[in-house]
Protein chains: 2
Amino acid sequence: MRKQEITIYDVAREAKVSMATVSRVVNGNTNVRKDTRDRVMKVINRLHYQPNAVAQGLASKRTTTVGLIVPDLTNLYFAELSKGIDDIALLYKYNIIITSIENRLMREDQAIQGLLNKQVDGVIYMSDSLPEEAVEAFKRTDTPVVLAGTKDNHLEFPSVAIDYQKADTEALNLMYNDGKRNLALVLDNPETVVNTENRIPAYQQFMKEHKLGKGHIYSNIKDHSDGYNLYSQLQKDGVDGVIVTSDVSAVGILTSAIDAGKNVPKDIEIITANATQIASIVRPALTAIRQPLYDIGAVAMRMLTKLMNNEKVDEMQIELPYELLKKQSTSNN
Amino acid sequence: MRKQEITIYDVAREAKVSMATVSRVVNGNTNVRKDTRDRVMKVINRLHYQPNAVAQGLASKRTTTVGLIVPDLTNLYFAELSKGIDDIALLYKYNIIITSIENRLMREDQAIQGLLNKQVDGVIYMSDSLPEEAVEAFKRTDTPVVLAGTKDNHLEFPSVAIDYQKADTEALNLMYNDGKRNLALVLDNPETVVNTENRIPAYQQFMKEHKLGKGHIYSNIKDHSDGYNLYSQLQKDGVDGVIVTSDVSAVGILTSAIDAGKNVPKDIEIITANATQIASIVRPALTAIRQPLYDIGAVAMRMLTKLMNNEKVDEMQIELPYELLKKQSTSNN
DNA sequence: AGAATAGCTGTAAACGTTTGCACTTTTTAG
DNA sequence: CTAAAAAGTGCAAACGTTTACAGCTATTCT
């Protein structure tokens, strides 16, 4: 179906060299005499020869393609991570195959298998949850994987993230110092590693240390309306300070509180734990755990390039610094 | 570097058939006897055979991969389009290679060429601008292209979009009927086809028809702070109603107005022309030209699948219905 | 000058599939 | 029951590269 493309043979014939030499020129191999190189280059330019990446992939067993596994394209948290990944990928001349697994037709392990079939040179995994089958799929292959913005239970995989536990504790402390005593944790997916291993323990430990009782953990609050609708429950439970893992949900709670005639931060303080642009756009602006999302993506991709080239990587579990950005949804005294 | 994979030969040997037969089984070719098929399938499952998509691509000249060209991953407008594309791609079992061209290291035509080298079966182009080199690059190939959420000057390429001209006129009319007379147009990129051929003409014609003078067109207002900073100028120019093409910029104008102690919509009405989730999240919520972004993406991808299979496509220029969603940033009398 | 070495180029075998063609076996029809 | 048609299978040639390996040609060294 495709227009007949120019192949390496055409170039070889025109330049009166073998295809091997053309291949060497294309790949910047130094063992080519200057005038031969020039002659070949001239023909390449004249014919607009472009190597067929699929054939290159088959012959060289490297596709210069990396796979991205992401839960939701329209979640700015992942979009901002992706941007960092994309920039570094471009720098190192990798293409990106993106696989969204939000759609429940596509399970994590299927997504991984699909990418491996395409012979990607590496994978960046951004999903918050890492089910057992996904772990198995990764273990069956030599293709390197890096987790970005998440961690796995046993630190088996390289990852780039922040210290969620410390960040949350700091956030809780901020609200505590503002005099808030009925603190709650609002989670999107309660089963992610980050939540079960970091955020929930941090919350529980904080509550215990400060003798604040069991507290309240709300789950499955994923979008704006979830947050909006949750507010009445928060009111009922007398909650006066929340950490929210979904950025848009935090906005939902905020809006709902305001619509109910309440004052933020006086009646309730809100801290968003996975801040995106949105947190700073709304009014009152949300106090946020600002993760360096772009950097997390960039560092993860950089690490992946090293792994793909069998270069030494000194630190497999990277933690980047976060910032607790105080805005108007907490009082600033 | 890669762990030795199971090839079609291994399966053939174990199942005591030729590789051709295995290939037929894998591809669901009907000309295989039931018991042969079962035998082969058993071996495939036992060995966990997975076809190498790169080799398939080379042999069949179809990669079941489509390229996506998008200006900015973190712009929800494109993210929502992408989601529609992604869902349909999954349905038809295509993978997606995404290329962001925001980064100025990557020009449109280079992005296209890169995708073509990877032998994608088709391309969906979402960039707002379609430079001449990009057009040339597309014309050099047989690979089908569909424009999503944009159009080209001469309607040379299939596209899926809305009637921007009509939508804008309707939006202007809404503000006009609210008594606003100093209407302005706030553009992100003034050189896109949609803007030069649709939005600007619509604006100019409206102003002329209603004898409102030349009006004001502001350009290069692309992000939240651009919008925020623009407001003082709008005030200076006495603008009392704006259409804004960048969603976050619209929010910036809104926030800036409110911070300046103004009333929206009383002092200024704001309509966002490329609404995303954000428009409905902020307070006051923004009146918006709600484009069916998900559907535009989905329809574009569906059209592309047809083109890739040489199926007949009856309508090459598809216009989907939009909705002028009245919210709080315009008065509703 | 001759030998050793380095630089350059070509040959041909991979890489793992698909697919046209030919051949054999089975089914169908008369 | 036989001829013709259909179904099932295998062979081998693509697909367009990369890359050992070998060989040839300069260059360097003694």
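Predicted model only: the values in this text are computed from it and were never measured. All chains are named by letter (A, B, ...) in the order of the sequence lines, taking the proteins before the strands, and each is independently numbered beginning at 1.
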**Student:** How many whole angstroms separate atom CD of Gln56(A) from atom C1' of dG16(C)?
**Tutor:** 17 Å
**Student:** Nearest whole Å is fine: how far is dT19(D) C1' from Met19(A) CE?
**Tutor:** 10 Å
**Student:** For dG8(D), does the base pair up with any side-chain atom of Arg37(B) as donor and acceptor (N or O, under 3.5 Å, distance only)?
**Tutor:** no
**Student:** Expressed in angstrom and rounded to an integer, what is the separation of Arg62(B) atom CZ from dA14(D) atom P?
**Tutor:** 22 Å
**Student:** Could you tell me whether the phosphate oxygens of dT17(D), OP1 or OP2, come under 4.0 Å of any side-chain nitrogen or oxygen in Ser23(A)?
**Tutor:** no
**Student:** Can Asp109(A) and Gln113(A) be counted as having a side-chain donor-acceptor contact under 3.5 angstrom?
**Tutor:** no
**Student:** Heavy atoms only, 4.0 Å cut-off, all strands: where does Thr21(A) land among base, sugar-phosphate and nothing?
**Tutor:** sugar-phosphate
**Student:** Choose from dT9(D), dT9(C), dT17(C) the nucleotide whose nearest atom is closest to any side-chain atom of Val32(A).
**Tutor:** dT9(C)
**Student:** Under 4.0 Å between a side-chain N/O of Ser18(A) and OP1 or OP2 of dG10(C), yes or no?
**Tutor:** yes
**Student:** Look at all strands and tell whether Val54(A) reaches a base, only sugar-phosphate, or nothing, counting heavy atoms closer than 4.0 Å.
**Tutor:** nothing
**Student:** Just do the side-chain hydrogen bond (donor to acceptor under 3.5 Å, both in side chains) check on Thr64(B) and Lys118(A) with the steps written out, would you?
**Tutor:** CA-CA 10 Å; Thr64(B) 57; Lys118(A) 292 267 175 175; 3.2 Å; yes
**Student:** Check Asp10(B) with Arg13(B), please: is the shortest side-chain N to carboxylate O separation under 4.0 Å?
**Tutor:** yes
**Student:** If you only use heavy atoms from C-beta on, which nucleotide in dT11(C), dC15(D), dT17(C) is closest to the side chain of Ala20(A)?
**Tutor:** dT11(C)
**Student:** From CD1 of Ile6(B) over to C1' of dT17(C), roughly how many Å is that when rounded to an integer?
**Tutor:** 16 Å
**Student:** CZ of Arg33(B) versus P of dG8(D): gap in Å, rounded?
**Tutor:** 8 Å
**Student:** What nucleic acid atoms does Val17(B) come within less than 4.0 Å of, heavy atoms only: base, sugar-phosphate, or nothing?
**Tutor:** sugar-phosphate
**Student:** Phosphate oxygens OP1/OP2 of dA14(D): is one of them under 4.0 Å from a side-chain N or O of Lys61(B)?
**Tutor:** no
**Student:** Please report, rounded to the nearest Å, how far the C1' atom of dG16(C) is from the CZ atom of Arg24(B).
**Tutor:** 16 Å
**Student:** Could you tell me how far apart Asn31(A) (CG) and dG23(D) (P) are, to the nearest whole angstrom?
**Tutor:** 18 Å
**Student:** Going by an N to O cut-off under 4.0 Å, is there a salt bridge joining Lys42(A) and Asp38(A)?
**Tutor:** no
**Student:** Looking at Lys34(A), does any N or O in its side chain come under 4.0 Å of the phosphate oxygens OP1/OP2 on dC8(C)?
**Tutor:** no
**Student:** I need the CG-C1' distance between Asp35(B) and dT26(C), as an integer number of Å.
**Tutor:** 13 Å
**Student:** Would you say Tyr9(A) reaches dC15(D)'s phosphate, i.e. side-chain N/O to OP1/OP2 under 4.0 Å?
**Tutor:** no
**Student:** Closest nucleotide of DNA chain D for Thr36(B) versus for Ser60(A): which of these residues is on the 5' side?
**Tutor:** Thr36(B)
**Student:** May I ask you to say whether Lys61(B) pairs ionically with Glu5(A), meaning some side-chain N is under 4.0 Å from a carboxylate O?
**Tutor:** no
